[in-house]
Amino acid sequence: MKNVLKSVFESFLRSRRMLHHFERWQTMLGSKPAGVASAAMPPDVANALAAASHADASMLIVTLGTSPQGLGEDQALALRKRLGSNEVRHEQPLPWWTHLWQCYRNPFNLLLTVLALVSYVTEDMKAALVIGSMVGLSTVLRFLQESRSNKAAERLKAMVSNTATVLRPASGSENAVRVEVPMRDLVPGDVIALSAGDMIPADCRLLGAKDLFISQSALTGEAMPVEKFPVDRGSREAGVLERENLLFMGTSVISGTATALIVHTGSRTFFGALAQRVAAADQGTSAFQAGINRVSWVLIRFMLAMAPLVLVINGVTKGDWWEAALFALSIAVGLTPEMLPMIVTATLAKGAVVMSRQKVIVKRLEAIHNFGAMDVLCTDKTGTLTQDRIVLERHTNAWGEASNHVLQMAYLNSFHQTGLKNLLDKAVLNHAEMQPETRLQTAWRKIDEVPFDFSRRRMSVVVENGGSEHLLICKGALEEILSVCTAVERGAEVLALDGDLLASIHRVASELNAQGLRVVAVASRALKAEARKPAYGVADESGLTLLGYVAFLDPPKESTAPALRALAEHGVAVKVLTGDNELVARKVCGDVGIEAGHVVLGREIEALDDAGLRALVEQHQVFAKLTPAHKERIVHALHANGHVVGFMGDGINDAPALRAADIGISVDGAVDVAKESADIILLEKSLMVLEQGVVEGRRTFANMLKYIKLTASSNFGNVFSVLVASAFLPFLPMLPLHLLVQNLLYDVSQIAIPFDNVDPEFLRKPQSWNPADLGRFMVFFGPLSSVFDILTYAVMWFVFSANTVAHQTLFQSGWFVEGLLSQTLIVHLIRTRKIPFLQSRAAWPLLAMGGVIAAVGIWLPMGRFAHYLRLQALPLAYFPWLAAMLAGYATLTQTVKGWYARRYGWQ
């Protein structure tokens, strides 16, 4: 079953494939990658990267035929045509013949092929033709469905793509302009600008960097970020990954800013070379695939146990061991769920298409199932519970009095920073630009900046306006700003920061938070001429003077409260994980109907071990003042408690939790690393869309489960009936050919299951695989059909005198029709807990397909081709008996179904 659920959206999977490939690579090497990088990749790639690291930056620029301002558009286009897209080769679509082979290559089709070959060798051409038709039908349908889904994926891919900021020469100037270019269009020689949250799109040589920290965990497994510099200060013999001036495809920027020269793209990158070496390695088994495998092995083990039993009983009682062997093999075919790959692929692909209409892009098909199984959704606050539109509501001094000076300083900070501009910065710029007196950027020149990171939770710029002093302006979270302040400004006064002032500051900030405002502190420090320097760092963020606050309003969305109620009705608990303080979190949660209770803070999580955290996350709904590591730990704790966890986020601080969750959910406007980490991309940031996704996921799972339950119970009943008949009849109850034709027709009737309706009751709670329940279901419902199969034997034996070898064809024809119609009927009986046709009706494609197959099943023994299939026409008196047995079967099944649902539930 390894290839049953191969994702048809592989083109979206670069980040997760990278992570998996490098984990596989590390396991294969058994040592730290950095020390063996050269040996793990083609020597020419390693040598080229080493040469780029050692080369003088200006010479490297000349060698690549570019300039410090980057390539011209015409140059980039010519290189792209010659070198191709910036994609690793294994991501390219499979040739159609390879795809067709993979659609064929599953255990069930291989088993059927063996049986077809046996039939051909024994000159049973009819059986060989029927079995071949079954294999062809399963393979072609799956191939067509996946091809259709691949084309849909390519159309969807254009809707959400990652871009890089590229420098292009400005016309008539020595300066460069920054443009956004799709990552796949990058070429060697492009100069790119990087900031926090960006993915590294290719292998690069640093040209300039400011406090640049890179996460290389996908390559090395090292959790701690690595600082990078324009000049490599290490040994020339160091491994490629240890070079401080090289950046590698697949890593990401944690903090800082940089400009870098692209050296290699696509399959010539470090990752591209390694990916080709391990692309053929085992891809591992996901939780969803593991569930499918467990269910499949239940059926396979049943087949392996029953087929030999049928062989022995028929061989002993009939004396014809060859005929008994063919009959046993036919039984094995009947027990084989050969349509399972196609049914699973079709239901998942249909779910993805339906969700795309809701502006939801599914990167991994199996994420649809995880959507339905999700019982806990962790979500950030900003832009999810609240409007994705933050407005600057107030700008005050530390006493809460309006202050234009604070707004001016906040504006200079936001305007001149080149790192990650978040919604708060945009709100400051939009608000200040409406007030002419705050437009100071032309009077101030930027000297340097200290970029934001999630440990300091603040960022600074250093500016000057023509005087002898430099001014450092710092903006960030209140506690982190206060930790580097020694004074407070009030008008023309500067007061020493003491305990009383601290209490007053916290009181004012708390009052603003209680009104639902998010408070950001602003501080500054004048650097005298003797303290001036060309570059500044974190150490310079000291001895600051607190100027005041800018306070932002992030109002709740109107759709949030009803969406949360809808999720709760579907059994999904929502937990809020935010970096904001507890007062803002409590206010927003109260506005949207979440009972906050005790708000757990990040410092409380740090004090707990894993066992303590597992208990804590079950008791509380709102978590505030969290770091990225806190969010990731919470997701792991919920998962360890047995929950299927979804996480919705859009920032770099959300990336670890997105990777840790069973289903990561991001938005098209998210930072690159968040989109790469997610399984689902929302084109509209709405919880209502998530509720629709949950419902679609459960509908998809319900239809997959229908096929499995139908196949399991029907097969069990058929084998039980065969065992009874084989023990007492002087002839085979049905020829191998009859069993194969019956199974083929039944399989055709199942093609419409992915399009079936699902009862609302099934959609109200999370669903998951349960092989134990499948076994119990087989035992309870399989023998029900055997009761009426045995009654059919009795009717054919006693009523129609089909009780000798000479009349075996009549007997076999009677059971052929009854068996096929009962199998067709069971689809409608088991697909719902309710009364079929009256309280719950199947979708019209399933109704139509069932009607067509039933008509064909009756026509075969009655029509002109009956003798080719070794069947014969049934007397008209047979059909009232048939109707009575089908009605009895439906009544008994409905009765047992009610008792079973009350005792064990109805999944």
Side-chain angles (χ1 to χ4, degrees), residues 37 44-80 82-87 162-170 174-196 198-214 216 219 226-234 236 240-253 256-273 418-419 672:
D44 57 337
V45 176
N47 293 337
L49 285 172
S53 175
H54 298 322
D56 180 75
S58 59
M59 290 300 297
L60 187 60
I61 288 173
V62 172
T63 302
L64 290 173
T66 183
S67 71
Q69 293 78 37
L71 293 169
E73 189 61 47
D74 292 341
Q75 290 176 285
L77 180 60
L79 281 171
R80 195 178 310 129
R82 181 163 60 89
L83 300 176
S85 298
N86 178 32
E87 296 174 329
N162 291 328
T163 61
T165 303
V166 177
L167 273 59
R168 294 278 185 252
E174 294 184 357
N175 297 323
V177 295
R178 299 187 175 201
V179 296
E180 293 296 315
V181 173
M183 287 184 180
R184 64 179 177 274
D185 291 343
L186 297 176
V187 295
D190 272 331
V191 178
I192 58 175
L194 299 168
S195 60
D198 287 344
M199 293 285 291
I200 307 300
D203 286 355
C204 309
R205 162 70 189 271
L206 272 176
L207 300 179
K210 177 66 177 178
D211 297 328
L212 182 67
F213 286 86
I214 301 293
Q216 295 190 159
L219 304 181
V226 178
E227 188 170 10
K228 296 285 186 174
F229 304 92
V231 177
D232 183 27
R233 306 171 304 174
R236 294 177 69 90
V240 172
L241 287 180
E242 294 175 351
R243 304 297 171 87
E244 294 178 330
N245 59 354
L246 293 182
L247 306 178
F248 303 94
M249 174 188 273
T251 60
S252 59
V253 182
T257 58
T259 55
L261 174 66
I262 293 180
V263 178
H264 289 153
T265 57
S267 296
R268 289 280 298 172
T269 60
F270 186 97
F271 165 68
T418 59
D672 295 339

Considering residues at least two apart in sequence or located in another chain, which fulfil the side chain to side chain donor-acceptor pair (under 3.5 Å) criterion with Ser53?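 Checked Ser53 against side chain to side chain donor-acceptor pair (under 3.5 Å); matches are Asn245.
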Partner set under side chain to side chain donor-acceptor pair (under 3.5 Å) for Thr63, not counting sequence neighbours |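 Once residues adjacent in sequence are excluded, Thr63 has no partner under the side chain to side chain donor-acceptor pair (under 3.5 Å) criterion.
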Checking the side chain of [X] only, and the main-chain atoms of [Y] only, is there a donor and an acceptor separated by less than 3.5 Å?
X	Y	result
Arg205	Ala52	yes
Arg80	Asp185	yes
Asn86	Pro201	yes

Could you state the interatomic distance from [atom1] ([X]) to [atom2] ([Y]), rounded to the nearest 0.5 Å?
X	Y	atom1	atom2	value
Lys228	Cys204	NZ	SG	11.0 Å
Ser252	Asp198	OG	CG	9.5 Å
Ile61	Leu261	CD1	CG	6.0 Å
Arg184	Thr163	CZ	OG1	10.5 Å
Asp203	Arg268	CG	CZ	10.0 Å
Leu246	His264	CG	NE2	10.0 Å

Q) If every non-hydrogen atom of Val177 is compared with every non-hydrogen atom of Ala170, which pair is closest and at what distance? A)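 That closest heavy-atom pairing would be CG1-CB, 3.9 Å.
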Testing the basics here: between Leu60 and Ala55, what is the closest heavy-atom pair and its distance to 0.1 Å?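 The pair with the smallest heavy-atom distance is CB-CB, 4.5 Å.
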> Given the rule in the side-chain contact (heavy atoms from CB on, under 4.5 Å) test, do Gln69 and Leu167 qualify, once you have shown the distances and angles that lead to the verdict?
Replying inline: CA-CA 6 Å; Gln69 293 78 37; Leu167 273 59; 5.7 Å; no
Close side-chain approach of [X] and [Y], heavy atoms under 4.5 Å:
X	Y	result
Ile214	Phe248	no
Leu207	Pro68	no
Thr265	Asp190	no
Val181	Leu186	yes
Asp232	Glu244	yes

(Q) Walk me through whether Leu247 and Leu194 qualify under side-chain contact (heavy atoms from CB on, under 4.5 Å). (A) CA-CA 11 Å; Leu247 306 178; Leu194 299 168; 3.5 Å; yes
Applying side-chain contact (heavy atoms from CB on, under 4.5 Å), run through Val166 and Arg178 and close with a yes or a no.
-> CA-CA 6 Å; Val166 177; Arg178 299 187 175 201; over 6 Å; no
Pairs involving residues 60-78, ordered by first then second residue, that meet salt bridge (Lys or Arg N to Asp or Glu O under 4.0 Å) (sequence neighbours left out):
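Output for this query lists Glu73-Arg168.
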message: Taking side chain to side chain contact (heavy atoms under 4.5 Å, CB included) as the definition, give me every residue that meets it alongside Ala209, ordered by chain and number, with sequence neighbours left out.
response: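 Listed in chain order: Leu206, Leu212, Pro230, Ala258.
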List the residues meeting side chain to side chain contact (heavy atoms under 4.5 Å, CB included) with Leu79, not counting sequence neighbours, and say none if there are none.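 With neighbours one apart ignored, the set is Leu71, Arg82, Leu83, Val187.
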